[in-house]
Amino acid sequence: MQTLPRDVHIGMRVIDSAQNEIGKVEDFRFSENEEEPDVEPATLDTTARPADGNLMSDLAQAFAPDEMPDEMRERLLREGYILLDTKGLFAVDRYVLPEQIASSTGDTLTLSVTRNELMKH
């Protein structure tokens, strides 16, 4: 199973497989089987992530606005995900699965798929 890159961070720009900049990392969660790395306070956006660390609170915040099927919610939590704040006036935020990531270099995350292939939030 693939995992999220260890250097993923909020605000990181995201490029799709067609080399289009499609947005920025708004939030992320590592898989339930791995611990989150230490994050320096300057890189952590506390408005995007609940401060209490309670799993139920995290779930409520991450998934409350949508009608996501339980199976998909469980998969995202099990495998980890990135919530992408997409660019565009009527753009819908999307989820990136670890298997959809081609590379991570510096401040840029490159995907192996196009924006339209990502699950909508």
Side-chain angles (χ1 to χ4, degrees):
M1 172 172 54
Q2 293 180 322
T3 60
L4 294 182
R6 303 308 285 173
D7 62 346
V8 67
H9 59 273
I10 294 171
M12 191 174 207
R13 73 184 200 130
V14 180
I15 307 292
D16 72 2
S17 62
Q19 299 303 306
N20 297 312
E21 184 171 345
I22 59 172
K24 294 187 182 265
V25 173
E26 180 176 317
D27 196 9
F28 61 92
R29 175 179 289 284
F30 289 94
S31 81
E32 62 185 20
N33 297 325
E34 62 181 316
E35 291 185 27
E36 293 186 27
D38 292 333
V39 178
E40 293 183 25
T43 63
L44 185 61
D45 180 352
T46 56
T47 62
R49 299 179 62 106
D52 65 8
N54 177 308
L55 179 58
M56 294 311 289
S57 174
D58 290 354
L59 286 174
Q61 175 142 351
F63 302 112
D66 58 63
E67 302 286 327
M68 182 181 293
D70 288 341
E71 299 82 27
M72 184 52 66
R73 182 177 293 115
E74 290 171 11
R75 179 179 178 195
L76 289 171
L77 291 173
R78 184 178 56 251
E79 296 178 17
Y81 65 86
I82 292 173
L83 178 58
L84 176 63
D85 180 14
T86 55
K87 295 175 76 169
L89 184 59
F90 298 106
V92 176
D93 292 349
R94 296 171 187 258
Y95 289 103
V96 177
L97 296 169
E99 66 207 35
Q100 296 172 314
I101 299 170
S103 66
S104 173
T105 307
D107 212 26
T108 303
L109 189 70
T110 304
L111 305 181
S112 60
V113 296
T114 64
R115 178 174 80 172
N116 292 333
E117 295 175 82
L118 298 173
M119 180 177 45
K120 294 179 182 177
H121 181 268

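Positions are given from 1 along the sequence. Side-chain atoms are counted along with the backbone in the values below, which use heavy atoms only and exclude waters and symmetry mates.
- Annotation: side chain of E79 is not in contact with side chain of L4 (no heavy-atom distance under 4.5 Å).
- Nearest heavy-atom pair, V14 versus L84, reported as atom, atom and distance to 0.1 Å: CG2-CD1, 3.5 Å.
- To the nearest 0.5 Å, atoms CG (L109) and CD1 (I82) are separated by 4.5 Å.
- Closest approach of E99 to S112, counting heavy atoms only: O-OG, 3.7 Å.
- Proximity of a side-chain donor or acceptor of N20 to a complementary backbone N or O of I22 within less than 3.5 Å is not detected.
- Put simply, the side chain of Q100 never gets that close to the backbone of L111: no donor and acceptor are under 3.5 Å apart.
- One finds the CZ atom of R13 at 8.0 Å from the CG atom of D107 (value rounded to the nearest 0.5 Å).
- With a 4.5 Å cut-off on side-chain heavy atoms, R73 and L76 do not count as touching.
- Scanning both residues, D16 and R115, for their nearest heavy atoms gives OD2-N, 3.6 Å.
- Rounding to the nearest 0.5 Å gives a distance of 11.0 Å between NZ of K120 and CG of L118.
- Rounded to the nearest 0.5 Å, atoms CZ (R94) and CG (L83) are 11.5 Å apart.
- Going from atom CD1 of I10 over to atom NZ of K24 covers 12.5 Å, rounded to the nearest 0.5 Å.
- There is no path of hydrophobic side-chain contacts, each under 4.5 Å, that joins I15 to L97.
- Legend: residues meeting salt bridge (Lys or Arg N to Asp or Glu O under 4.0 Å) with E74, ordered by chain and number and at least two apart, are absent.
- Atom-to-atom distance recorded for H9:NE2 and S104:OG is 8.0 Å, nearest 0.5 angstrom.
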Taking distance alone, no hydrogens or angles, what donor-acceptor pairs closer than 3.5 Å link side-chain atoms of residues 86-93 to residues at least two apart or in another chain?
unit_1 : atom_1 : unit_2 : atom_2 : d
T86    : OG1    : V92    : O      : 2.9
D93    : OD1    : T86    : N      : 3.4

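- Both tests pass for R6 against the ring of F30: distance under 6.0 Å to the centre and angle within 45° of the axis.
- The aromatic rings of Y95 and H121 are tilted relative to each other, their planes meeting at an angle between 30° and 60°.
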